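Predicted model, so just to flag it, every value in this text is computed and none were measured. Numbers here are sequence positions counted from 1.
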Amino acid sequence: MTDTLVSSPGPVPTRNRPSGRVRADSSGRLPLTLSSGLGLGAALVWFSILVLLPLAAVVGAAAAGGWGSFWGTLTDAQTFAALRLTVVEALLVTVVNAVIGTVIAWVLVRDQFFGKRILDVVIDIPFALPTIVAGLVLLSLWGPDSPVGVNIVNTRQGIFLALLFVTLPFVVRTVQPVLIELDADVEEAAASLGASRFTTFRRIILPSLVPAIAAGSSLGFARAISEFGSLVLISGNTPYETEVASLKILKFLEGDNQDGAAAVAVLLLVVAVVTIVALDVISRRVARRG
């Protein structure tokens with residue numbers, strides 16, 4: 001009996017055909033395709049024209065007078081008072097919006113009541129109104145001819161209410177979509193395991209909401225420190241009392257002091273960037289810890 005040895009066929013040579021996948025480089029990053037590169041280039045050019053170049057021009061104008069002029073403008077007693085008032089009021093408004101805006105978003109998502117759709121539309125009115133119109137609206141209700149007998153014109157309370165009015169929608173609109181996407185099954189599972197409502201909110205819901213709350217608060221703070229239109233009619237622009245930074249910039253420009261106006265603008269820009277970065281870092285840490 002002879003054994004017939006059947007040798008298995010070797011690997012069939014195949015042609016090098018493209019797999020359709022883009023290979024990553026040694027660092028693990030995928031190279032840009034032609035269309036992605038063109039899109040990125042167009043986006044950078046557009047962003048530079050609208051944002052980077054104007055910011056660079058403002059910084060250049062602030063530096064034109066030298067460091068001594070820049071520092072002298074910011075340390076001037078009247079200018080410093082305006083900056084301090086602006087930042088303090090913006091921070092207070094941001095804290096209130098972070099809490100009340102989250103509550104409003106929660107009510108709109110989790111509760112059902114008569115007039116819910118109307119309230120959902122009304123919240124966006126501060127976005128739609130020109131800020132000078134917002135100031136006129138507040139002046140009609142809380143001005144010298146107030147129908148309720150309360151006059152907050154030329155007071156810090158008036159500035160606070162004006163900033164609250166124009167920044168209300170930011171936190172609501174950033175938190176609302178996150179609440180809609182939250183899985184209710186996870187909350188039910190936590191409750192079935194004996195977790196209290198507070199524990200469920202702190203360990204499950206809040207970590208998911210913190211990034212959205214921080215994002216909305218950042219936008220609201222940036223809007224508050226730069227607000228102009230609604231404060232023209234409300235603040236009264238009294239030096240050392242109700243003069244805010246945006247109106248101080250207007251005074252500098254009217255006095256042909258562009259270097260001073262640019263110096264205040266650059267400081268507001270720095271404050272806004274630092275606050276946004278700080279809120280982002282805090283939100284990431286809170287969300288990571290749970």
| task | Apply side chain to side chain contact (heavy atoms under 4.5 Å, CB included) to F47 and L52, showing your working. | result | CA-CA 7 Å; F47 180 75; L52 295 182; 3.6 Å; yes

| task | Check the pair L108 / Q176 against side chain to side chain contact (heavy atoms under 4.5 Å, CB included), numbers first and verdict last. | result | CA-CA 8 Å; L108 289 175; Q176 196 172 359; 4.0 Å; yes

| request: Under the side chain to side chain donor-acceptor pair (under 3.5 Å) rule, what do T167 and N97 come out as? Steps first, then yes or no, please. | output: CA-CA 8 Å; T167 59; N97 280 332; 2.7 Å; yes

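For the atom pair CZ (F80) and CG (L85), the distance works out to 11.5 Å, reported to the nearest 0.5 Å. If you take CG on L206 and CD1 on I213, they are separated by 6.0 Å, rounding to the nearest 0.5 Å. Considering CD1 of I49 and CG of L44, their distance stands at 11.0 Å, rounded to 0.5 Å. If you take CG on L182 and CG on L209, they are separated by 6.0 Å, rounding to the nearest 0.5 Å.
T275 has its side chain out of reach of S218: every pair of non-hydrogen atoms, C-beta onward, lies at least 4.5 Å apart. Taking the side chain as every heavy atom from C-beta outward, V172 and P169 never approach each other to under 4.5 Å. Counting heavy atoms from C-beta outward, S226 and L268 have side chains that stay 4.5 Å or more apart. Counting only heavy atoms from C-beta outward, the side chains of F113 and V107 approach each other to under 4.5 Å. Within the 4.5 Å cutoff, side-chain heavy atoms of L231 are placed close to those of L163. At a threshold of 4.5 Å between non-hydrogen side-chain atoms, the residues I132 and S230 do not count as touching. V166 places a side-chain heavy atom less than 4.5 Å from the side chain of R223. The side-chain heavy atoms of Q78 and K251, taken from C-beta on, include a pair separated by under 4.5 Å.
A donor atom on one side chain and an acceptor atom on the other are not found under 3.5 Å apart for T86 and E89. No hydrogens or angles considered: nothing links the side chains of S69 and D259 as a donor-acceptor pair under 3.5 Å. Looking only at atom types and distance, the side chain of T242 has a donor-acceptor partner in the side chain of N154 under 3.5 Å away.
Residues F127 and F170 place their aromatic rings such that the two centres sit under 6.0 Å apart.
No chain of hydrophobic side-chain contacts below 4.5 Å, direct or via other Ile, Leu, Val, Met, Phe, Trp or Tyr residues, connects L179 to I123. The cluster map of Ile, Leu, Val, Met, Phe, Trp and Tyr, joined by side-chain heavy atoms under 4.5 Å apart, puts V51 and V270 in different clusters. Hydrophobic clustering keeps V244 apart from L91 (ILVMFWY residues linked when any side-chain heavy atoms are closer than 4.5 Å, directly or through intermediates). Taking hydrophobic clusters as Ile, Leu, Val, Met, Phe, Trp and Tyr residues chained together by side-chain heavy-atom distances below 4.5 Å, I276 does not share a cluster with V271. No single ILVMFWY cluster, assembled from side-chain heavy atoms under 4.5 Å apart, contains both F228 and V264.
Between N151 and G143, the shortest heavy-atom contact is OD1-C, 3.5 Å. Nearest heavy-atom pair across Q258 and L253 is CA-CD2, 4.4 Å. S235 and L247 get closest at one heavy-atom pair: OG-CD1, 3.2 Å. Looking at every heavy atom in both residues, A62 comes nearest to A262 through N-CB, 3.5 Å. Between L267 and L83, the shortest heavy-atom distance links the atoms CD2-CD1, 3.3 Å. Nearest heavy atom pair, residue A134 against residue F165, reads CB-CE2, 3.5 Å.
Among L55, L74, V58, the single residue meeting the side-chain contact (heavy atoms from CB on, under 4.5 Å) criterion with V266 is V58. In summary, of the residues considered (V232, I159, T131), a side-chain contact (heavy atoms from CB on, under 4.5 Å) with E227 occurs for T131 alone.
For D111 and K116, the salt-bridge test fails: no basic side-chain N is under 4.0 Å from an acidic carboxylate O.
Panel note: side chain T73, backbone A263; no donor-acceptor pair is recorded below 3.5 Å. Between the T155 side chain and the I152 main chain, a donor and an acceptor come within less than 3.5 Å of each other.
Dense packing is recorded around CG of L50, with more than 12 heavy atoms of other residues, nucleotides or ligands lying under 6.0 Å away.
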